[in-house]
Amino acid sequence: ETGVTQSPTHLIKTRGQQVTLRCSSQSGHNTVSWYQQALGQGPQFIFQYYREEENGRGNFPPRFSGLQFPNYSSELNVNALELDDSALYLCASSKSSGNTIYFGEGSWLTVV
Amino acid sequence: AQSVSQHNHHVILSEAASLELGCNYSYGGTVNLFWYVQYPGQHLQLLLKYFSGDPLVKGIKGFEAEFIKSKFSFNLRKPSVQWSDTAEYFCAVNAGGNTGKLIFGQGTTLQVKP
């Protein structure tokens, strides 16, 4: 167990809807990052949050947004869902001073 | 742009065979390098990491990797695989000092036959 927990584990949404995914980071970790892993692919970096602000973003459109809370937990929000958004969404946490990232088990999103 | 390339997409081995998975990255500066494993239905698990120092690093479950700076490579090895090593293996690079941003390769599926 990595201490990174995500919810929900599975969900199905309809194209055009909005979804919120949640993540609790490992104790003592103040940096949270989100990744999208499509079937058969490696994870792709979406963005990172540190001290409640976005601190680095990958090649994802603005309809992918996030929040980090004072307790370092985080949310990933995706608006106007598209079929290609179907993927495993991974949350990862790390210490700002460290370089090892620990992943949660992910949330499987299916868009129909 | 930074990128990571894993040469083998699908590897099939018999138990006790030796394993080497290739990984090359493109980035000219200082990098941190990682190998992660993803067992079926489980989360990404860190196998080993290289930050600095001895370029030969040892990880969990008998895995090791060698960083060759001149070749921009970080190949994963194991002398004798077991059936339980069947999994997806990902090489990743952390560059530019952004702690949370990893660039992953596309992964290698390892299937070990008993």
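Keep in mind that the numbers below use all heavy atoms, side chains included, and drop hydrogens, waters and symmetry copies. Below, read A as the first sequence line, B as the second, and so on, with proteins coming before strands; counting in each chain starts at 1.
- In the hydrophobic clustering of this structure, Phe47(A) does not group with Ile103(B); members are Ile, Leu, Val, Met, Phe, Trp, Tyr whose side-chain heavy atoms approach within less than 4.5 Å, directly or through other members.
- Of the possible donor and acceptor atoms, none in the side chain of Tyr36(B) sits under 3.5 Å from a partner among the backbone N and O of Phe103(A).
- Interface remark: Gln45(B) contributes no atoms to any contact with chain A (heavy atom separation under 4.5 Å).
- Atom CG of Leu83(A) has more than 12 heavy atoms from other residues, nucleotides or ligands within 6.0 Å.
- Atom CG of Asn59(A) has 12 or fewer neighbouring heavy atoms from other residues, nucleotides or ligands inside a 6.0 Å radius.
- Leu76(A) and Leu67(A) fall into different hydrophobic clusters, defined by Ile, Leu, Val, Met, Phe, Trp and Tyr side-chain heavy atoms under 4.5 Å apart, directly or through other members.
- A ring-centre distance under 6.0 Å is not found for Phe104(B) and Phe45(A).
- The number of heavy atoms from other shown groups lying within 6.0 Å of CZ (Arg51(A)) does not exceed 12.
- With hydrophobic clusters built from ILVMFWY side chains whose heavy atoms lie under 4.5 angstrom apart, Leu11(A) shares a cluster with Leu81(A).
- Residues Gln38(B) and Gln37(A) approach most closely at OE1-NE2, 3.2 Å, considering heavy atoms.
- Using a 4.5 Å cut-off on side-chain heavy atoms (C-beta onward), Phe90(B) and Gln41(A) make no contact.
- Contact check for Gln44(A) versus Leu102(B): no side-chain heavy atoms found under the 4.5 Å cut-off.
- Side-chain polar atoms of Thr100(A) and Lys49(B) form a donor-acceptor pair below 3.5 angstrom.
- Grouping the Ile, Leu, Val, Met, Phe, Trp and Tyr side chains by contacts below 4.5 angstrom, directly or via other members, places Phe60(A) apart from Tyr35(A).
- Only the side chain of Leu90(A) comes within less than 4.5 Å of a heavy atom of chain B; its backbone N, CA, C and O stay farther away.
- Between the CD atom in Glu105(A) and the CG atom in Leu44(B) there is a gap of 10.5 Å [rounded to 0.5 Å].
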